[in-house]
A.B. asks: 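Below: one structure in structure tokens.
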Amino acid sequence: MAARLVWLALATGVAILCVPRPGVGRIFAGVFFWLTAPGVNARLAFPNPQALVDLVNGVHFGFYRDWFAPVVAWRPRPIALAAAGFAPVVGGVILGRGRAVTAGLVGATIFLLGV
């Protein structure tokens, strides 16, 4: 429950930031995604791969959990490395310009909704 409250507070804060100043909100989202996701994925997977498996088993969307849990359970460390590599790329795209920003924001949203 506490983790959901932290997530809700962060999501609300970013949404409030994005309304009056979308550019600032986009920069915050890009940097946040770029810096935190690799640390979270790498930190979970290497000392204790089971922690990543447990995290995926707790995903809110059943179809995502049912599809992704067996993949993560099969090889948690390589999956965490892929996610840790994906995150800074998406963060960089969010910090870019033009249509790529929209693609980065959509990719980040889908990724975070799944998690």
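If you read the sequence from its start, that first residue is 1, and numbering goes on from there. In this text, all values refer to a predicted model and were calculated from it rather than measured experimentally.
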A.B. asks: Using distance only, find each side-chain donor-acceptor pair of residues 77-88 under 3.5 Å and give its atom names and separation, not counting sequence neighbours.
C.D. replies:
{"unit_1": "Arg77", "atom_1": "NE", "unit_2": "Ala45", "atom_2": "O", "d": "3.3"}
{"unit_1": "Arg77", "atom_1": "NH2", "unit_2": "Phe46", "atom_2": "O", "d": "2.9"}

A.B. asks: For a quick test of your reading: what N or O donor-acceptor pairs under 3.5 Å do the side chains of residues 11-19 make, sequence neighbours left out?
C.D. replies:
{"unit_1": "Thr12", "atom_1": "OG1", "unit_2": "Leu8", "atom_2": "O", "d": "2.7"}

A.B. asks: Are Trp67 and Trp74 grouped together when hydrophobic residues (ILVMFWY) are joined by side-chain heavy atoms under 4.5 angstrom apart?
C.D. replies: no

A.B. asks: Say whether Phe33 and Ile27 are linked into one hydrophobic cluster, either directly or through other cluster members, by side-chain heavy-atom distances under 4.5 angstrom.
C.D. replies: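 Phe33 and Ile27: separate clusters.
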
A.B. asks: Mind listing the closest non-hydrogen atom pair of Ala73 and Val53 along with its distance?
C.D. replies: CA-CG2, 3.9 Å

A.B. asks: Please name all residues satisfying side-chain contact (heavy atoms from CB on, under 4.5 Å) with Ala29, sequence neighbours left out, ordered by chain then number.
C.D. replies: none

A.B. asks: Among residues at least two apart in sequence or on other chains, which ones pass side-chain contact (heavy atoms from CB on, under 4.5 Å) with Pro70?
C.D. replies: none

A.B. asks: Please answer: with hydrophobic residues joined when any side-chain heavy atoms are less than 4.5 Å apart, are Trp34 and Val89 in the same cluster?
C.D. replies: no

A.B. asks: Considering residues at least two apart in sequence or located in another chain, which fulfil the side-chain contact (heavy atoms from CB on, under 4.5 Å) criterion with Leu35?
C.D. replies: Val31

A.B. asks: Looking at every non-hydrogen atom in both residues, tell me the closest pair between Ala69 and Asn57 and how far apart they are.
C.D. replies: CB-OD1, 3.3 Å

A.B. asks: For residues 97-108, please give each side-chain donor-acceptor pair under 3.5 Å, one per line with the distance, not counting sequence neighbours.
C.D. replies:
none

A.B. asks: Any chain of hydrophobic side-chain contacts (each under 4.5 Å) joining Leu55 to Phe68?
C.D. replies: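 Yes.
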
A.B. asks: Indicate if Val93 and Val90 have the same hydrophobic cluster label, given that clusters are the connected sets of ILVMFWY residues with side-chain heavy-atom separations under 4.5 angstrom.
C.D. replies: no

